[in-house]
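Below: one structure, written as structure tokens.
All of these numbers come straight from a predicted model, not from anything done at the bench. Letters go in sequence order (proteins before strands), and every chain restarts at 1.
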2 protein chains.
Amino acid sequence: MATRKRRAERREEPLSRERIVEAAIELLDAAGEGGLTFRALAERLSTGPGAIYWHVSGKEELLTAAADAVVAAAVGADRVSAPDAGDGAAATPQEAIRALALGVFDAIDAHPWIGDDLARAPARSPMLRVFERLGRQVQALGVPHAAQFTAVSALHNYILGTGGQNAANARAHKAIEPYEDRTAFLGAAADAWADLDPDEYPFTRGIADQMRGHDDRAEFLAGIDIIVAGITADWTRTAPASS
Amino acid sequence: MATRKRRAERREEPLSRERIVEAAIELLDAAGEGGLTFRALAERLSTGPGAIYWHVSGKEELLTAAADAVVAAAVGADRVSAPDAGDGAAATPQEAIRALALGVFDAIDAHPWIGDDLARAPARSPMLRVFERLGRQVQALGVPHAAQFTAVSALHNYILGTGGQNAANARAHKAIEPYEDRTAFLGAAADAWADLDPDEYPFTRGIADQMRGHDDRAEFLAGIDIIVAGITADWTRTAPASS
DNA sequence: ACCTGAACACCGTTCAAGT
DNA sequence: ACCTGAACACCGTTCAAGT
């Protein structure tokens with residue numbers, strides 16, 4: 001009874017993988033990548049660091065599980081029976097691809113720490129569900145089977161690359177000035193570009209002003225549109241030369 | 001004299017930022033990201049860990065400098081006076097873009113640890129030189145000024161995303177079986193995909209066999225071609241909606 | 001079966017002290 | 001000006017011991 005009571009004072013539910021991942025996400029959101037510590041996690045769960053290892057193999061698995069949970073929530077269930085994401089049926093594959101890409105973009109915006117984590121081995125990555133859903137839409141686009149892998153990979157890698165870049169921006173943003181807003185940050189980056197050596201960076205200097213006012217969400221979508229246009233432009237060319 | 005001699009026995013040249021970065025690259029190449037340690041670096045340079053801080057502000061700067069050196073060597077000088085990379089003048093902007101992208105791809109292949117590092121703040125990233133050179137070729141392609149930033153960003157982010165993915169693959173590859181070759185690794189990944197739940201991952205399962213035999217270099221280039229095709233397909237659409 | 005928390009083997013970084 | 005290396009404040013992970 002005494003032990004039961006002491007335990008009840010310290011934590012209502014028993015430890016579980018789910019509760020650990022949930023707490024990890026909270027820590028990550030609050031303090032960034034450096035904030036996830038087995039000691040901090042143990043304290044938040046009112047236990048010792050060793051207890052966590054009973055439910056999770058180590059830090060890497062924990063990070064993957066956390067990223068997976070966030071991506072799954074952002075992108076929706078993977079069941080074939082629900083072909084489109086929850087928010088309104090997308091009329092065309094193009095629109096579905098845009099909605100999907102935007103889901104990942106916004107998830108990274110809300111949880112910048114996923115950005116770096118997403119670049120993991122694709123075979124068991126949290127991004128596998130995104131890959132799958134992109135694939136279905138590329139199929140719906142009418143891309144022949146032989147060109148599907150290339151097409152989906154192009155979209156997938158572009159989304160991953162932009163995500164990593166945005167995560168890096170968010171990190172730099174917070175490090176420099178926490179209360180600055182996004183456009184101000186982009187303005188500062190544009191200033192840095194405008195100051196580059198004209199001999200070495202003429203192009204980058206020249207488009208510095210163009211970056212200044214841009215909405216990076218719209219920019220990201222424009223990139224998606226470019227790739228979709230490239231995919232639909234010519235089926236035969238999209239197959240790699242080796243086949 | 002005695003101290004001079006002792007020093008000469010231990011190290012020929014004095015410490016310098018250059019020598020430190022060089023040693024860091026060796027460490028990174030030999031043992032991966034975990035291999036770069038201030039203690040290991042100090043031992044290799046026959047000094048104490050504190051000495052390194054006189055030339056370099058910390059680990060992050062060291063990693064960026066190392067990545068920058070490798071990318072610079074892979075992509076060549078940035079001078080406008082040498083518009084194309086060293087290896088034979090590229091006839092068309094398309095070919096120049098392919099050569100540039102392949103340079104980054106091969107650099108990551110040779111030094112997988114750059115892959116993760118490349119996803120840093122773009123403003124002072126090692127990838128800025130790649131961005132610049134892509135920009136010049138996009139200009140040469142005849143893309144109107146308003147659409148250039150979007151076009152270059154699409155290429156840049158795709159290259160970054162694929163690079164991160166390849167770095168993750170290389171890491172997993174080495175972790176599982178060091179002497180396996182690349183196609184065998186892809187085969188194992190394909191097997192894993194083929195075993196996925198058909199209800200949740202019908203598309204990914206279906207193209208598992210297609211991934212099996214593919215050359216990832218050719219696949220990467222095919223993705224570049226898709227994006228270039230999308231860029232040249234229609235100038236007006238590639239500008240983001242906000243402008 | 002599950003939890004505890006001290007202990008181990010590391011890290012990056014700092015800093016008084018040397019030359 | 002530049003180097004040294006002990007010391008500080010952490011890490012992730014393990015493991016005997018508890019319940």
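- For B:E60 and C:dT13, the CD to P distance is 9 Å, given to the nearest whole Å.
- Base pairing annotation: C:dC15 forms a Watson-Crick or G-U wobble pair with D:dG5, both donor-acceptor distances under 3.5 Å.
- B:R217 and B:D109 are not joined by a salt bridge, as no carboxylate oxygen comes within less than 4.0 angstrom of a charged side-chain nitrogen.
- One can place CZ of A:R19 at 10 Å from P of C:dC3, the figure rounded to the nearest angstrom.
- Within 4.0 Å (heavy atoms only), B:L62 reaches no atom of the nucleic acid at all.
- Between the side chain of A:Y158 and the backbone N or O of A:F220 there is at least one donor-acceptor pair closer than 3.5 Å.
- Among the atoms of the strands shown, only primed sugar atoms or phosphate atoms (P, OP1, OP2) are found under 4.0 Å from some heavy atom of A:L36.
- Atom NZ of B:K59 is separated from atom P of D:dC11 by 15 Å (rounded to the nearest Å).
- Look at CD on A:E61: it is 11 Å from P on D:dT13, rounded to the nearest Å.
- In this structure, OH of B:Y53 is placed 17 Å from P of D:dC8, rounded to the nearest angstrom.
- In this structure, A:F38 places its CZ atom 10 Å from P of D:dT14, rounding to the nearest Å.
- Between the CH2 atom of A:W54 and the P atom of D:dT14 there is a distance of 14 Å, rounded to whole Å.
- To the nearest angstrom, C1' of C:dC2 lies 14 Å from CD1 of A:I52.
- The side chain of B:T37 has C:dG12 as its nearest neighbour among C:dC3, D:dG12, C:dG12.
- With C:dA1, C:dG5, C:dT13 as the choices, the nucleotide that has an atom nearest any side-chain atom of B:R39 turns out to be C:dT13.
- Under a cut-off of 6.0 angstrom, the local environment of CD in A:E61 is crowded, with over 12 non-hydrogen atoms contributed by other residues, nucleotides or ligands.
- Looking only at atom types and distance, the side chain of A:W193 has no donor-acceptor partner in the side chain of A:D209 under 3.5 Å away.
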